[in-house]
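Hydrogens, waters and symmetry mates are skipped; everything else that's a heavy atom, side chains included, is used.
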Amino acid sequence: MIYPLDDARKEITSLLKKVLSQLEYDCKVKLEIPPGGLGDFAFPCFSLAPIAKKSPNDIAKDIAKKIEKGKWIEKVETNGAYVNFFIDNKNLKNSTIKSILINQKNYGYLAKKNKKVIVEHTSANPNGPLHVGRARNPIIGDTIVRIFKAAGYNVESQFYLDDMGKQVAILAWGVNNLELKDVPKPEYSKPDHQTVGFYQLASTLMGKDEKVSKQIGEIVKKSEEGEQKAIDLVHDAYAPVLKGINESLNHINIAVDKYVPESNFVRDKSVDFVVEKLKQSKYCGKEEGAFYLDMEPFGIQGRNTKFVFLRKDGTTLYATRDIAYHLWKAKHADLLVNVLGEDHKLESKQVEIALNLVGAKMIPRVIFYSFVSLPGGKMSTRRGRVVYIDDLIDECVKRAYDEVKKRRGKELSEKKMKEIAEKIGIGALRYNIIKVQPEKDIAFKWEEALNFEGNASPFIQYSHARACSILSKKQDEIKDVDATLLNHDSEIDLIKKLARFPIVIDDACEGCKPHSITNYLFEVASQFNQFYRDCPVLPEKNNKLRIGRLALVDSTRIVIQNGLDLLGIVAPEEM
RNA sequence: GGGCCUGUAGCCUAGUCUGGACAGGGCGAUAGCCUCCUAAGCUAUAGAUCGCGGGUUCGAAUCCCGCCAGGUCCGCCA
């Protein structure tokens, strides 16, 4: 798949390289995008000054003089130390519009790479419903999945299921030893909400009653030893929770391809292989019967730099099993991506070091996100101090419904308004979470989460709806388009934005930066709104121009729809 | 005590990896725009010691060092 703007950039790069080698300047060609009106691409010459022993301004002039005219270059100018390239707009306009209208749903998507990526995300303890503190995980993860697919990879998403830990053992004990009437009453009928009360009460009892604590310890020990009965007991306890979590994920357009239980790696003995390999490492030590790796030589600092991977009772730990999981993943993929909370940074580093020690061929690329906190502090399932994802989803949809009703209550049916509210509410939720870089802390505030104006999903969805509205009223067929007639600044700027989409996808994938997609879409929608103001489409008398504008409207619709799809957001035809 | 992450207008944020043309946006504020394709929109104005202090460089929000503040981790937990 070759896209116009990318093609133009390649041409400029290669012509530049040619000139630089003629002048015998040895440097990398890094193109910048200049500010408004100064061209489409720019090459700064500052760094050449010491090599050429000339002022950067003169170097820029020398280079500009020697650049040949190519298929894409219309004009080369200098501005101080910059060589500015102007792309042939006629060519760019026609080929961009053509590319979009031909490719439709695939516009922006990159050529197939024949490589498989496993994206691990969410992997939450199945002891209760998902809460907002970790809401970034599935949303970032799913967006990454979609971006990698668009960038040409085969992608599988995995949820690593912790079925051996203390958290699920507490839940299992609770479900099997407590009465329904004694546990806190849930607000939702979803199975995860119905079950979490048992966990909360059991957790409290464990703190007070040593007998309870001991029984829970037994469950943990037996499942870590791989005893099937214990694993089944735990499985039956968390199954409804997982079902509920999955429902929540589906509700926000997230589908997990595979749930991978931790116990798999105990049962198939692959974790024993990891233990044996690690024991052979020269960094391995033994202390009171337990085996550890010394992490200090690897730059890990702190009070305790020992990474214990085998307890004195011979059972493995979470991180040990995680190593086995990663070895297994590496066998089935060409690239691994994990989305983890920042609290997992050390564990992840330990796993990475251990993977290198056991000779793993692949180290995962990890995206860490900071927590979403409540204004008063951290969320906690155990203490019930939480805003659940389901609360947030419901509130967003409800608020969206109020907005729709306020604006369109007189013209739309109840059913239609509900449909639109669902698309907008969930879009707003996903957008608000993804638009911020993962590593920034977020303090959760309702008024921000429920923002429906400005840089938010409804703004973009609204532009899409506007485009659809125009297209639904058109009398003409969009064919024999002459995009060169689109000469208003608003039109040219819009087309240039649309032309950048494939590059945006590539960058977002390369840098694992899902938030760059939201920024781009906001710019597209904003530019479309300016076009909408400046260039009436349907009232335009000139047939050729009207059809050209219709083609541009349709092209914008396609880019917004494809872009929102990358974010797992539905593009409504009306709102 | 130590490691890692974050710090950009009243609030939120892009840009930081890969140094470059006046630090882009949004919310909120103020002032305008619906006999015209959906005003969830558009235009204009005001608002920034880029946490603080040094350094490197022709050039630093961006790189280096020190400090301050917030988050997070330093379990034979997960």
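Partners of A:Lys54 under the salt bridge (Lys or Arg N to Asp or Glu O under 4.0 Å) rule, at least two apart in sequence or in another chain, are A:Asp62. Qualifying salt bridge (Lys or Arg N to Asp or Glu O under 4.0 Å) partners for A:Arg9, counting only residues two or more places apart in sequence or in other chains: A:Asp6. In this view, A:Gln301 satisfies the side-chain hydrogen bond (donor to acceptor under 3.5 Å, both in side chains) rule with no residue, not counting sequence neighbours.
Considering only side-chain atoms of A:Arg407, the nucleotide from B:A40, B:C76, B:A21 that sits closest is B:A40. Residue A:Ser469 has its side chain nearest to B:C37 when only B:G71, B:C37, B:C76 are considered. Checking B:A21, B:A14, B:C76 against every side-chain atom of A:Pro35, the shortest atom distance belongs to B:A21. Considering only side-chain atoms of A:Leu38, the nucleotide from B:A40, B:A78, B:A21 that sits closest is B:A21. Listed candidates were B:C37, B:C17, B:U72. Nearest to the side chain of A:Pro536 is B:C37.
To the nearest whole angstrom, the two P atoms, one in B:G7 and one in B:U13, are 9 Å apart. Rounded to the nearest Å, the gap between the P atom of B:A69 and that of B:G25 is 34 Å. Separating the P atom of B:U6 from that of B:U18 is a span of 14 Å, rounded to the nearest Å.
A:Asp313 comes within contact range of no nucleotide atom at all, as no heavy-atom separation falls under 4.0 Å. A:Cys468 comes within contact range of no nucleotide atom at all, as no heavy-atom separation falls under 4.0 Å.
The base of B:A21 sits with one of its N or O atoms less than 3.5 Å from a complementary donor or acceptor on the side chain of A:Asn84. Taking 3.5 Å as the limit, the base of B:C76 and the side chain of A:Arg311 contain no donor-acceptor pair of atoms between them.
When rounded to the nearest whole Å, the span between NZ of A:Lys345 and P of B:C4 equals 10 Å.
Between the side chains of A:Glu347 and A:Tyr318, not a single donor N or O lies within less than 3.5 Å of an accepting N or O. Between the side chains of A:Tyr369 and A:Asn137, a donor-acceptor pair is found at a separation under 3.5 Å.
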Report, one pair per line, the protein and nucleotides 60-70 of chain B atoms (nitrogen or oxygen only) whose separation is under 3.5 Å.
none

Please list, for nucleotides 41-44 of chain B, all pairs of protein and nucleotide N/O atoms separated by less than 3.5 Å.
residue, atom, partner, partner atom, Å
B:G41, OP1, A:Gly454, N, 3.4
B:G41, O3', A:Asn529, ND2, 3.1
B:G41, O2', A:Arg466, NH1, 3.0
B:C42, O3', A:Arg533, NH1, 2.9
B:C42, O2', A:Arg533, NH1, 2.9
B:U43, OP1, A:Arg533, NH1, 3.4

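Applying the Watson-Crick and G-U wobble criteria (two distances, each under 3.5 Å), B:A21 pairs with nothing in any strand. B:G1: Watson-Crick or G-U partner is B:C74, with both key distances under 3.5 Å. Within the shown strands, nothing qualifies as a pairing partner of B:A9 under the Watson-Crick or G-U definition with both distances less than 3.5 Å.
Separating the CZ atom in A:Arg407 from the CE atom in A:Met575 is a distance of 7.5 Å, to the nearest 0.5 Å. With rounding to the nearest 0.5 angstrom, the NE2 atom of A:His121 is 11.5 Å from the CG atom of A:Leu340. Taking CG of A:Asn84 as the reference point, atom OG1 of A:Thr78 lies at 8.0 Å (rounded to 0.5 Å).
For A:Lys440 and B:A14, the shortest distance from a side-chain N or O to OP1 or OP2 is below 4.0 Å. The side chain of A:Gln437 places an N or O atom within less than 4.0 Å of a non-bridging phosphate oxygen (OP1 or OP2) of B:G15. OP1 or OP2 of B:G15 has at least one side-chain nitrogen or oxygen of A:His515 nearer than 4.0 Å. Under 4.0 angstrom from either OP1 or OP2 of B:G2 there lies no side-chain N or O belonging to A:Arg303.
For A:Arg134 and A:Phe371, the positive end is not near the middle of the six-membered ring at less than 6.0 Å and at most 45° from its axis.
For residues 283-295 of chain A, the salt bridge (Lys or Arg N to Asp or Glu O under 4.0 Å) pairs, not counting sequence neighbours, are A:Glu287-A:Lys306.
For B:C63, the base is anti relative to its sugar; the glycosidic angle deviates from 0 by more than 90°.
A donor-acceptor pair is defined here as one N or O able to donate and one able to accept, closer than 3.5 Å; such a pair exists between the side chain of A:Glu491 and the backbone of A:His488.
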